[in-house]
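Counting starts at 1 for both ligands and their atoms, in listed order. If you read the sequence from its start, that first residue is 1, and numbering goes on from there. What you see is a predicted model, and the numbers here were worked out from it, not measured in a lab.
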Amino acid sequence: MKILGIESSCDETAAAVVEDGRKVLSNIIATSLEEHKLYGGVVPEIASRRHAECISSVVREALEEAECTLDDIEAIAVTYAPGLIGSLLVGVNFAKGLALAGNKPLVPVHHLRGHIASNYLSSPLEPPFLCLVVSGGHSHIVSVKSYTECEVIGKTCDDAAGEALDKAGRTMKLPYPGGVSIDKIAPEGDENAFAFPHPKVSTSIYDYSFSGLKTKVINYVHNAQQKGENISVPDLAASFQKAVVDCLLINFEKAAEDFGFEKLVIAGGVSANSRLRAEAEKMCKKHSWSLTIPEMKYCGDNAAMIAAQGFFEYKSGVIADESLNAYATMPIDKLKI
Ligand code: KG4
Ligand code: ZN
């Protein structure tokens with residue numbers, strides 16, 4: 001069964017055709033990243049306009065590369081939440097029009113469920129498992145009970161891990177996105193050069209807080225500026241990256257132990273981080289747990305992951321009618337359609 005996936009929640013306009021939730025027949029991505037770099041972050045209006053401009057050609061290319069037409073597609077899956085509302089609306093409306101024109105079922109997909117499903121593309125992974133979902137907007141520990149049922153065990157109380165990396169990168173005057181720049185420059189630095197606390201938050205032992213770490217970076221940079229001293233950016237980047245990865249894995253490990261999971265999974269843009277990948281491998285090896293991480297090409301936003309999750313949502317009967325809306329926020333475990 002072939003599903004056409006459409007993704008436009010942030011600055012990537014993407015379309016893909018995936019067979020039976022696992023086999024990628026095409027995966028096309030157009031990004032407006034270069035334009036946002038000028039502003040040090042995603043400018044929502046620019047992102048929406050670029051989606052509107054290129055969504056038709058991206059979808060056409062995805063069908064062509066998969067060597068199929070709309071007739072060969074069983075259902076159209078589209079990201080409808082969470083994300084930038086102007087961006088999401090472009091994808092949702094395009095998918096609706098296509099579903100109407102082709103008389104196809106329309107399957108709404110939660111973006112973070114899509115990230116989790118990126119792991120089904122690269123491995124024979126099956127639920128249940130414990131997943132660390134780390135992106136620019138979210139840091140969640142999720143108990144994935146089945147392909148379409150999950151429960152949030154911990155989440156960030158303030159900034160997401162990716163957001164903290166991006167903001168810290170900006171403070172260090174590194175190119176956007178900061179997470180990618182920090183990952184690149186960190187191997188040149190000393191990860192023990194700067195001290196960072198491991199923040200404790202009162203709400204749940206599995207919750208995260210990254211805003212304190214980000215403030216610490218700002219303070220280090222400002223103090224050095226005031227004293228007229230030079231700060232070593234590679235040292236600061238390496239120390240900050242270590243602190244973020246340590247925090248992510250401490251709670252993930254604790255949750256896995258407490259809830260008895262032996263199958264661990266990481267998903268989301270930050271899963272591309274080389275330190276997170278290496279340290280998670282070590283942690284899982286120590287406990288003899290299995291670890292699944294997406295292939296690098298499926299870590300960031302893409303539509304293959306949306307088509308994959310769309311397949312499983314469709315099989316479980318999740319179909320939207322023509323009044324489907326987009327939502328800037330939505331819990332991963334309580335979908336509203
Ligand atoms: O999942 P994603 O592509 O978009 C959202 O859904 O937010 O995640 C984007 C985030 C950004 O914060 C970016 O800095 C981060 O993922 N990221 C990384 C790396 N590649 C992307 N962070 C650390 N190391 C990387 N290699
Ligand atoms: Zn994402």
Side-chain angles (χ1 to χ4, degrees), residues 5-14 16 27 29-33 36-37 40-42 44 47 78-85 87-88 91 109-119 131-140 142 155-156 159-172 174-187 208 210 213-214 217 237-238 240-249 266-280 293-306 308-309 327-330 332:
I6 297 177
E7 155 66 39
S8 70
S9 66
C10 191
D11 57 343
E12 270 90 23
T13 317
N27 187 31
I29 305 175
T31 177
S32 49
L33 177 71
H36 303 296
K37 272 186 179 170
V42 175
V78 64
T79 307
Y80 76 122
L84 299 172
I85 198 69
S87 288
L88 286 165
V109 174
H110 189 286
H111 182 75
L112 295 185
R113 288 186 178 211
H115 272 301
I116 295 172
S118 63
N119 284 285
C131 188
L132 175 67
V133 188
V134 269
S135 69
H138 299 85
S139 301
H140 281 16
V142 183
K155 62 180 184 335
T156 182
D159 289 352
E163 190 181 356
L165 285 158
D166 292 345
K167 287 177 178 167
R170 186 150 60 173
T171 307
M172 294 178 227
L174 294 171
Y176 176 82
V180 177
S181 299
I182 287 175
D183 194 3
K184 262 192 208 142
I185 203 173
Y208 292 114
F210 293 107
L213 295 183
K214 175 195 71 188
V217 172
F240 182 71
Q241 177 175 262
K242 178 181 186 302
V244 170
V245 170
D246 283 355
C247 285
L248 286 171
L249 292 182
I266 306 183
V270 183
S271 66
N273 184 263
S274 38
R275 185 178 178 98
L276 178 61
R277 293 172 87 95
E279 292 300 311
I293 315 176
E295 273 178 75
M296 290 299 273
K297 62 182 173 191
Y298 301 131
C299 287
D301 290 347
N302 67 84
M305 68 186 197
I306 302 303
Q309 183 60 22
Y327 302 90
T329 60
M330 185 176 294
I332 189 173

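- The side chain of His111, and not its backbone, has at least one atom closer than 4.0 Å to an atom of ligand 1 (non-hydrogen atoms only; side chain from C-beta on).
- Contacts of Phe210 classified as ring pair (Phe, Tyr, Trp, His ring centres under 6.0 Å), with partners at least two apart in sequence or in another chain: Tyr208.
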Go through the steps to decide whether Asp166 and Arg170 satisfy the test salt bridge (charged side-chain N to carboxylate O under 4.0 Å, His left out), and finish with yes or no.
CA-CA 6 Å; Asp166 292 345; Arg170 186 150 60 173; over 6 Å; no

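- Formation of a donor-acceptor pair under 3.5 Å by the Ser139 side chain with backbone atoms of Thr156 is not found in this model.
- Closest non-hydrogen pair, Ser135 versus Val270, comes out as O-CG2, 4.0 Å.
- Heavy-atom proximity to Gly300, at under 4.0 Å, picks out these atoms of ligand 1: 3 (O).
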Review item, side-chain donor-acceptor pairs of residues 293-301, under 3.5 Å, at least two apart:
{"unit_1": "Glu295", "atom_1": "OE2", "unit_2": "Ser122", "atom_2": "OG", "d": "3.4"}
{"unit_1": "Asp301", "atom_1": "OD1", "unit_2": "His111", "atom_2": "NE2", "d": "3.0"}
{"unit_1": "Asp301", "atom_1": "OD1", "unit_2": "His115", "atom_2": "NE2", "d": "3.0"}

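- With rounding to the nearest 0.5 Å, the separation of OG1 in Thr31 from CG in Asn302 is 12.0 Å.
- Residues passing the side chain to side chain contact (heavy atoms under 4.5 Å, CB included) test with Glu163, sequence neighbours excluded: Asp159, Ala160, Lys167.
- Residue-level proximity to ligand 1 for His115 is carried by the side chain, the only part with a heavy atom below 4.0 angstrom.
- The protein atom (non-hydrogen) at minimum distance from atom 15 (C) of ligand 1 is Val270 CG2, 3.9 Å.
- Within 6.0 Å of atom NZ in Lys155, 12 or fewer heavy atoms from other residues, nucleotides or ligands are found, so the atom counts as exposed in its surroundings.
- Residue contact check for ligand 1: Cys10 places no non-hydrogen atom closer than 4.0 Å to it.
- Here Leu165 contributes atom CG and Ser181 contributes atom OG; the two are 10.5 Å apart, rounded to the nearest 0.5 Å.
- Under a 3.5 Å cut-off, the side chain of Arg275 and the backbone N or O of Asp183 do not form any donor-acceptor pair.
- Looking at ligand 1, you won't find any N or O of Gly268 less than 3.5 Å from one of its N or O atoms.
- Residue-ligand proximity, Gly137 to ligand 1, at heavy-atom distances under 4.0 Å covers atoms 7 (O).
- Here is the list of ligand 1 atoms found below 4.0 Å of a heavy atom in Gly162: 12 (O).
- Near Pro177, with a cut-off below 4.0 Å to any heavy atom, the atoms of ligand 1 are 14 (O).
- Counting the atoms of ligand 1 from 1 in the order shown, those under 4.0 Å from a heavy atom of Ala272 are 20 (N), 26 (N).
- At a heavy-atom cutoff of 4.0 Å, ligand 1 is contacted by the side chain of Asp166 but not by its backbone.
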Start with the C-alpha gap between Ile306 and Ile6, add the side-chain angles, then the distance that decides, and say whether side-chain contact (heavy atoms from CB on, under 4.5 Å) holds.
CA-CA 7 Å; Ile306 302 303; Ile6 297 177; over 6 Å; no

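- Here the heavy atom of the protein found nearest to atom 26 (N) of ligand 1 is Asp183 OD2, 2.8 Å.
- Atom OG1 of Thr79 sits about 7.0 Å away from atom CG of Leu88, to the nearest 0.5 Å.
- The closest donor-acceptor contact from the side chain of His110 to the backbone of Met330 lies under 3.5 Å.
- Counting protein heavy atoms only, atom 17 (N) of ligand 1 is closest to Gly269 O, 3.6 Å.
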Check the pair Arg277 / Ile266 against side-chain contact (heavy atoms from CB on, under 4.5 Å), numbers first and verdict last.
CA-CA 9 Å; Arg277 293 172 87 95; Ile266 306 183; over 6 Å; no

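- Any N or O atom pair closer than 3.5 Å counts here, and Leu165 shares no such pair with ligand 1.
- Protein N, O or S atom count below 2.8 Å of the Zn ion (ligand 2): the structure gives 3.
- In terms of protein heavy-atom proximity, atom 10 (C) of ligand 1 is closest to Gly136 N, 3.5 Å.
- At a heavy-atom distance under 4.0 Å, atoms from both the backbone and the side chain of Asn273 approach ligand 1.
- The heavy atom nearest to atom 4 (O) of ligand 1, considering only Val180, Val42, Asp301, is found in Asp301.
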